[in-house]
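Beneath this line is the structure, given in structure tokens, with notes to follow.
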Amino acid sequence: MNTPTTPALQIRNLSRRFGGLAALSDLSFTLAPGQILGVIGPNGAGKSTFINLVTGHLRPSTGQVLVHGADLTGKRPWRVAAAGVARTFQIVKPFRGMTARENVAISAMYGPTPRRSKRAALAVADEALERTGFTAAHTATPNELSVADARRLELAKALALRPRLLLLDEVMAGLRGKEIDRCLELVHRLREEGMTIVVVEHLMKAILSVSDQVLVLHQGRLLILGEPHAVLSDDRVIEAYLGQRYVQRKAR
Amino acid sequence: MAAESRVDVTGKPAAAPPTPADEPDGWRRLRPATPWAIGAIAVLAVIALQTQLYSGQVRTVSTVLMFIALAQSWNILGGFTGYASFGQVAFFGLGGYSTAVLMAKAGLSYWMALPLSAVIAAAFAAVIGLPLLRLRGHYFAIATLGVAEGLREIVINVPRLTGGGAGISIPVVGKHASTAYLGNDTFYIVFLVVAAATTVLVGVLSRSRLGYGLRAIRQDEAAAAAAGIDTTRAKVTALVLSAFCTGLVGSVYAFQQVTIYPERLFDVQITLLMVMMVVIGGSGTVLGPIIGATALQALSEYLRANFTEVHTFILGAIIIAAVIILPQGAVFFIRDAWRTRRLPLLDNVRTYRL
């Protein structure tokens, strides 16, 4: 872990308040390149806020975000994307009125290595869709897609940016067993190619099998950061995430 | 129960056609050159048409061509980008007044004043674009409306430059005339050129990188930004292009009218016509504004000639009916009818129990 390389992601005292509500308070951690970080926490723990702060969809109240050493604090989303950061949205956001491959091609046209010709962008798009295991025709429109394919489209849009850091916001929600396995496989393969990945998930099983490190957020604060099994057997995590009753039952 | 039958009656999920993998994107199965060929033929047809018209009709068709250009201009921002400007007439009026002032006060020739007026309108758009495009939806619509109304008041209140409420005349005869009046037949060609040019611009835009960026912004601005699109720059570019074209049309209109008044050049009705033409024709398409402008203007002329007393009432009723039957616009209606091989005329009525 103690390699001299620059961290892929460095979060320093990151906070965001909405009026009187502290959605995220004083979050600090570093993530080494090529690692997979799982982020869990109950609803409203600040998981999506965290992603939005990294990608520039929200401005932090205080704190810093550094990606591969570059200070991206408060930068607009397209600047963050140009720095090699891609994300998916918890609620999928397809561009309606155009085909799936056109949706993905937009990421290839813009993004860090822009393909200015439509043909080249479409080629990148087809490749990205293939990788995600997209089952529908690439010329299908978003309204014609199944839940799983809509998720894959969302993922393909992020992959077509060819990011170095990928943030997945509950990309497996609504998927079934086999579909989840295939998605996890892809996450593993992307990591082997050198991508650093942050996986925000509700699914405990997904987090366990895929993460090198797990970060638990609770009421906007970092509860614990560590190896998956150590984190999941921690009493504070069990209490925050699984509930007091679970702790009592275990104690008995 | 009600919700169930709704899905059944519209039959939309079931009616979605299978898309074979080898079908090219969208529904444009034409070869890339085909639309250009059709466009060139259309332009030639409009030139040929001129020889068959008498002078009153030349003026009427000129107005249709003017509205095609205006609708295309509005389409760039309102249609592609999804920012409905209700103050588009501001750029029209600014273009017109720039031409009048440049010709009457600075003595510029029309062919100098025309491009300068468009540039002035575009520059004004660039200045107001940054603050205005931070607003969305209704707020953007109201703010643009305010800009147009404000601009009209400014024009009225600097009579030394603009002639104020009494209007301003462009000298078109005698030795004060920097450019002699062009006459109806030449204006017909000028309006045709402007309509064709804006259509070509929109056609190029719709297949371009910027065009995709604008459509993405229309669908979801947060997702567009995440895809790497500099949404601020794209939106301001769209507004500036749109204002440039609108200013160009305003300039031609001012010279055609010779004497212009603030009430006419900043008439909110011109904005409303642009909006309706694009919406009825199909917003964000190349063909839609042409269909919308031609249909609405032809209908309006016909009604005015035959039902003088009640023509606006009938026109209003037909517009309401058109919006109910073709909520997504004529172009998308025709496309869906083509793909599904059925006429979904009353789908919208059934869906929403209108």
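Quick note on labels: first sequence line is chain A, next is B, and so on, each numbered from 1.
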State, without any angle test, whether A:R12 and A:T62 hold a side-chain donor-acceptor pair at a distance under 3.5 Å.
no
Chain B heavy atoms under 4.5 Å from A:R76: which part of the residue, side chain, backbone, both or neither?
side chain
Side chain, backbone, both or neither: which part of A:P112 has an atom under 4.5 Å from a heavy atom of chain B?
neither
What part of B:S208 lies closer than 4.5 angstrom to a heavy atom of chain A: side chain, backbone, both or neither?
neither
Bottom line for A:L161: the part with an atom under 4.5 Å from chain B's heavy atoms is side chain
Does NZ or CZ of B:R215 come closer than 6.0 Å to the centre of the six-membered ring of A:F95, within 45° of the ring's axis?
no
Please confirm whether A:R87 makes a cation-pi placement over A:F89, using NZ or CZ under 6.0 Å from the six-membered ring centre and within 45° of the ring normal.
yes
Got more than 12 heavy atoms from elsewhere within 6.0 Å of CD1, A:I91?
no
For B:F86 together with B:H138, are the ring centres under 6.0 Å from each other?
no
Between A:M109 and chain B, with a heavy-atom cut-off of 4.5 Å, which part of the residue counts as in contact: side chain, backbone, both or neither?
both
Sort out for me which of A:R79, A:R116, A:R115 touches chain B most, counting heavy-atom pairs under 4.5 Å.
A:R116
Using a 4.5 angstrom heavy-atom cutoff, name the option from B:G284, B:A224, B:A216 with the most pairs to chain A.
B:A216
Geometric cation-pi criterion, A:K118 with B:Y212: 6.0 Å, 45°
no
Mind ranking B:I229, B:I217, B:D220 by heavy-atom pairs under 4.5 Å with chain A and telling me who comes out on top?
B:I229
